[in-house]
Amino acid sequence: MPELPEVETIRRGLAPLLTGRRVVAVEVRERRLRQPIDARVPGRLRGAMVTGVKRRSKYLLLETDAGWTVLLHLGMTGQLWVSEPGRVSRPHQHVVFKLDDGRELRYADARRFGLIDLIRDRELHEHPRLRGLGVEPLEDGMTGEWLHRATRGRRKPVKNFLMDTRAIAGIGNIYACEALFRAGVNPRRPVHRIGRRSWDDVAVAIRAVLEEAIQAGGTTLRDFLNAEGNAGYFAVSLRVYDRKGESCGRCGTNIRRIVQAGRSTFYCPRCQK
DNA sequence: CGGTGGACCTGCTGGC
DNA sequence: TGCCAGCAGGTCCACC
């Protein structure tokens, strides 16, 4: 479900609600996520105060004053929100963090592809899930120049490259498709056959689409909800994703769906060369 | 290096 | 109306 803009939307919603709050208890109802939740999590977090809420790629990081940072990933269907106590439910609520103001941080995840782990502060950057992540696409370093250089000696299709978190971290299926449409680049084009100028277009398009999506509170196609339980409204601004057979808003040609690396790719065969 | 296919899971939808 | 194949905002691994 959530790509960078959705995770960032959740981060921005959680930060003011969690910062300065203490965790009074953690209730783990289902520990079988992508990797089983460590049984020591509740004990280690009891009494810890949240000092900050950060994001790296599609991971959320809840920093605490107890020497531990909570690493969270939402997988495809994860939801994370703050609720009033005893508030109505959604199904598949696997973890509840009880806070000192009486509210609760709740984690739900139907497919259980998500992840919750603790990292010792000083080992933050060596954690196996974080080590090896590539550049943040909204950082200044992600330029056409950088993309051009990062792809020298490679031959994979550009869409697969954009989704490779070891190169660029946080772009998923929706925004890879949308950025390439905006840049006018065919998703199948091998990276070594893309020129410097086109890489500039790709860099600009990535930044623009991610920033606009964050402004819109993310994309809700099926089940994405932010930290307050509200849907994002960027879905109406998607130009190709999930629009197979619809006509391209720019040229009128039918939008096509193909499969790359087992994932659906949507593009306009006329606008994207 | 790349590409494919599958694994992990549950839930929804579109076509018959 | 009911059933079921196919597909889903993500990773990770084995294999060619």
Side-chain angles (χ1 to χ4, degrees), chain A residues 1-11 30-37 55-60 71-80 90-94 107-117 127-134 137 150-180 187-193 206 209-210 212-214 216-226 231-245 257-266:
Chain A
M1 161 188 48
E3 303 183 35
L4 187 154
E6 290 72 39
V7 177
E8 178 62 19
T9 295
I10 290 178
R11 189 197 70 74
E30 171 59 82
R31 49 198 300 269
R32 294 172 304 162
L33 304 185
R34 180 148 65 90
Q35 79 183 36
I37 298 173
R55 179 189 59 74
R56 172 75 170 110
S57 185
K58 300 166 191 167
Y59 291 92
L60 279 169
L71 180 70
L72 278 139
H73 195 287
L74 301 174
M76 290 282 261
T77 50
Q79 300 182 329
L80 191 63
R90 303 174 202 176
H92 306 292
Q93 293 188 29
H94 305 318
Y107 174 83
D109 186 359
R111 292 173 76 180
R112 290 190 274 119
F113 288 172
L115 170 84
I116 298 179
D117 200 6
H127 191 280
R129 307 289 174 180
L130 301 179
R131 189 181 50 208
L133 288 174
T151 51
R152 291 314 85 188
R154 305 217 213 185
R155 318 173 72 78
K156 60 161 72 172
V158 58
K159 195 255 192 168
N160 299 352
F161 171 73
L162 294 186
M163 291 183 68
D164 180 356
T165 54
R166 291 166 306 183
I168 318 176
I171 302 175
N173 209 22
I174 292 181
Y175 299 106
C177 293
E178 293 296 310
L180 290 172
R188 273 197 278 226
R189 189 110 74 87
V191 289
H192 70 285
R193 295 210 292 105
I206 289 170
V209 75
L210 295 179
E212 287 173 34
I214 292 168
T219 297
T220 299
L221 289 173
R222 279 164 273 277
D223 40 28
F224 170 69
L225 298 175
N226 68 19
Y233 56 90
F234 195 69
V236 295
S237 302
L238 298 177
R239 309 208 194 145
V240 287
Y241 187 84
D242 210 19
R243 297 197 184 281
K244 176 189 175 188
R257 174 186 178 271
I258 59 172
V259 175
Q260 294 180 282
R263 312 292 303 276
S264 291
T265 299
F266 300 87

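Just so it is clear: chains get the letters A, B, ... in the order the sequence lines come, proteins before strands, and each one is counted from 1. The structure presented is a predicted model; accordingly, all values stated were derived computationally and were not measured.
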Canonical and wobble pairing (Watson-Crick, G-U, under 3.5 Å) of DNA chain B, dot-bracket with |: .|||||||.|||||||
Nearest-0.5 Å distance, CD of residue A/Glu212 to OG1 of residue A/Thr219: 11.0 Å
Taking only residues two or more places apart in sequence, or in another chain, which ones meet A/Arg257 in a side-chain hydrogen bond (donor to acceptor under 3.5 Å, both in side chains)? A/Ser264
Please report the distance separating the P of C/dC7 from the corresponding atom of B/dG5, rounded so that it comes out in whole Å. 13 Å
Which part of the nucleic acid does A/Asp109 contact within heavy-atom distance under 4.0 Å: base, sugar-phosphate only, or nothing? nothing
Can you check nucleotides 6-8 of chain C for protein contacts, nitrogen or oxygen pairs under 3.5 Å, and list what you find?
{"from": "C/dA8", "atom 1": "OP1", "to": "A/Ser264", "atom 2": "OG", "distance (Å)": "2.3"}
{"from": "C/dA8", "atom 1": "N3", "to": "A/Arg111", "atom 2": "NH1", "distance (Å)": "3.1"}

Please state the P separation for the pair B/dG6 and C/dA5 - nearest whole angstrom. 16 Å
Tell me the interatomic distance from A/Glu6, atom CD, to C/dG10, atom P, rounded to whole angstroms. 9 Å
Could you give the distance separating B/dC8 and C/dC3 at their C1' atoms, to the nearest angstrom? 25 Å
Residues in side-chain hydrogen bond (donor to acceptor under 3.5 Å, both in side chains) with A/Gln79, at least two apart? A/Arg90
Main-chain N/O of A/Leu238 paired with A/Arg243 side-chain donor or acceptor, under 3.5 Å: yes
By side-chain hydrogen bond (donor to acceptor under 3.5 Å, both in side chains), A/Asn226 pairs with (sequence neighbours left out) none
Checking the side chain of A/Thr220 only, and the main-chain atoms of A/Gly232 only, is there a donor and an acceptor separated by less than 3.5 Å? yes
Does A/Ile174 offer a backbone N or O that forms a donor-acceptor pair with the side chain of A/Glu3 under 3.5 Å? yes
With sequence neighbours left out, what residues match A/Arg56 under salt bridge (Lys or Arg N to Asp or Glu O under 4.0 Å)? A/Glu136
Taking salt bridge (Lys or Arg N to Asp or Glu O under 4.0 Å) as the definition, give me every residue that meets it alongside A/Arg32, ordered by chain and number, with sequence neighbours left out. A/Glu30
Sorted by chain and number, sequence neighbours left out, side-chain hydrogen bond (donor to acceptor under 3.5 Å, both in side chains) with A/Arg111 holds for none
Bounds of contact between DNA chain B and chain A, in 5' to 3' order, using a heavy-atom cut-off under 4.0 Å: B/dG2 to B/dG11
If the condition is salt bridge (Lys or Arg N to Asp or Glu O under 4.0 Å), which residues does A/Arg155 pass it with, not counting sequence neighbours? none
Anything under 30° is parallel, anything over 60° is perpendicular, the rest tilted; go ahead and classify A/Tyr107 against A/His94. tilted
List for me each residue that meets side chain to side chain contact (heavy atoms under 4.5 Å, CB included) alongside A/Arg152, sequence neighbours excluded, and say none if there are none. A/His148, A/Trp199
Detail all sub-3.5 Å separations between protein N/O atoms and N/O atoms belonging to nucleotides 12-16 of chain C.
{"from": "C/dC12", "atom 1": "OP1", "to": "A/Arg129", "atom 2": "NH1", "distance (Å)": "2.4"}

